[in-house]
Amino acid sequence: MNTVGETEIRTQERVLTFFQKTLGYTCLGNWHARQDNSNVEKHLLTDWLKSRQHEDEIITKVLYELDKASALGSNRSLIDANREVYELLRYGVNVQPSTGEHRITVKLIDWEHPFSNDFGIAEEVTLKGEHTKRPDLVLYINGIAIGVLELKRSTVSVSEGIRQNLTNQREDFIERFFATVQLVMAGSEIQGLRYSTIRTPEKQWLHWKETDAHPDAGDNPLFRELSQLCNKTRMLDILHNFIVFDGTIKKICRHNQFFGVKAAQTRIKSREGGIVWHTQGSGKSLTMVWLAKSTLETIPNARVLIITDRTELDEQIEKVFNGVNENIRRTQSGAHLLQVLANSAERLVCSLVHKFGRSGEIADADTDDYDDYVEDIEKHLSDGFQPRGEFFVFVDECHRTQSGKLHKAMKVLLPNAMLIGFTGTPLLKNDKQRSIETFGTYIHTYKYDEAVEDSVVLDLRYEARDVDQNLTSQEEIDQWFEDKTSGLTERAKARLRKRWITMQNVLSSRERLGKIVADIVLDMAERDRLKSGRGNAMLVADSIFSACRFFELFQETPLKGRCAIVTSYRPSADTVAREETGEGRTDRQTEYYVYRQMLAQHFNEPENTAMHKADLFEREVKELFIKKPEKMKLLIVVDKLLTGFDAPPATYLYIDKNMQDHYLKNGNQS
């Protein structure tokens, strides 16, 4: 007996009719009572392959390879099987007709001609497992289950359909069916459609957003989004060009990534540069991946060079591309870069901008001084230097390269290269015009307010905290403590007061910085997420010297061992060689000695050896901040890590610097 509610049945019937009449899918029937339903309907796939003039022997081998790829068990997880099936779908099945004959590739989907494929839809597909389940609608392409859609009546949240899909993917339900499924969906006629790939947590399901829809959809949000996402051409485009496997996580594009890549592809065809402005946290790195893949696949002689201006961004780009099995060569020096540019076999390359100097000796590109790079290039390029291939240069965080000197360096090295700038930061009034002159007009934008509306990033909530410049009396200190702890129980206040007493003598004598430190320490003890060990924070200082002063104060609080400074500073004895005055430490000496002590404390070794491990220190504390916030609660920064830092959201961002016309406000939106 069909147990689906009458209301959901009527919704299902309307959706089924829309797929048939508007989207052109063939109705395969109600498979509620049908036996042996499968994610590969072999008779349908066989019929399609025969229409492609393949012989029975070839078809038998293709079916065998597809069965083998989709099988679970023997230490093969669902993601392993799904990845292998996706490879067969995208690239075809390589088979040998018979002994001694050349192997051939048999396509399971005709990606170039969407309407040459058989699109079908079946309802109430009963699947038997440890627990029998019945997906509402299953989409088939050439007999292969590609999509699953769970529908909910208007009075029920779409989240129920999402959870139903996630339950069905469990091992004790119908996990094996999802080995071929590329698109998992849930929807209602009130809330519209949500989509994802297999094993995607509920909070990461996506909502497609597009102005145009099929006229037949009317104002129905579900029909509008189905017409946008599941029409034959769009679906094949997304499945072929906008899916990646990042380790054990399968990812599909958001609407901003899809349309950003499409707009950039149009520019690439006409060899016209420009700027992609997608706000921080909206997946800019994957947008680069998909654009690079399409460029390399569609332009035979194409080479893609991705330029960053900071080491952590260079590392991040390499990690993202390697994570999705795209081989990218990360250059190690200026000389190495020139060598790679002359080797056409290296089609995908990333490089720090400062490596455009032959010696590669510039320690950090934060100086934004490109004169040395251009001069060094012109000085050391050999007469016979010749880059091989047609270059497309992606410049990450292009808002920091406003002067045009980077463009000049590109023209020296790669005179015919096309430049595309990527930024997550709105271009400020003073440099907007220069950016457009350097890279070209905007290709695509996805701004902060759009991302907040789409729940892609969290909105920033600002709380102004005035800090008195002087603490003149014990009464003021006590009153400040009472104000900060108002609303807490007496027991909680007493617990915090014990900590406060141990800090009071130190902090009350350090005036403003001490009060800021106390403020943050109290937040760590009082705010739910911070005290739980799941949250973390950044403190933005106005200088490296101030960052070091803050760090010293935190060493006398419960945050000792759980906070760190992350800046471009690297301790060197040369910087303090002539600083001794006999009248106390200078600013440079403070920076030097605090860094030495911090590194020695972290590595538990003498300062003289630990001081040379600043880069390793930075990598380790960043990893702790991301993966184990209970062990690294606070990073003290100046400018570094404010953009391009691939980390979960920081719970709090404390700012102790002038923020007028500053890029920082967009540095931590995710």
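Not measured: the values here are computed from a predicted model. Throughout, numbering of the chain's residues begins at 1 and tracks the sequence. Just so you know, these numbers use all the heavy atoms, side chains as well, and skip hydrogens, waters and symmetry mates.
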Do [X] and [Y] have side-chain N/O donor and acceptor atoms under 3.5 Å apart?
X	Y	value
Tyr592	Arg588	no
Asn256	His444	no
Ser546	Ser543	yes
Thr200	Thr197	yes
Asp523	Tyr654	yes
Asn82	Arg199	no

| remark: CD1 (Ile252) and CD1 (Ile198) are apart, to the nearest 0.5 Å, by 11.5 Å

| query | Would you call Asp449 and Lys447 a salt bridge, taking side-chain N to carboxylate O under 4.0 Å as the test? | reply | no

| said: Does atom CG (Asp172) have a neighbourhood of more than 12 heavy atoms from anything else shown, all under 6.0 Å? | reply: yes

| Would you find more than 12 non-hydrogen atoms of other residues, nucleotides or ligands less than 6.0 Å from Glu171 atom CD? | no

| message | With side-chain contact (heavy atoms from CB on, under 4.5 Å) as the criterion, how do Ile275 and Thr445 come out once you've worked through the C-alpha distance, each side chain's angles and the decisive distance to 0.1 Å? | response | CA-CA 8 Å; Ile275 299 170; Thr445 64; over 6 Å; no

| side-chain contact (heavy atoms from CB on, under 4.5 Å) against Asp80, all qualifying residues, sequence neighbours excluded | Ser77

| task | Using side-chain contact (heavy atoms from CB on, under 4.5 Å) as the criterion, list what pairs up with Thr590, not counting sequence neighbours. | result |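 Applying side-chain contact (heavy atoms from CB on, under 4.5 Å) to Thr590 gives Phe545, Cys548, Glu552, Arg585, Val594.
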
| note | So ring-ring contact (aromatic ring centres under 6.0 Å, His included) across residues 550-570, not counting sequence neighbours, yields Tyr569-Tyr595

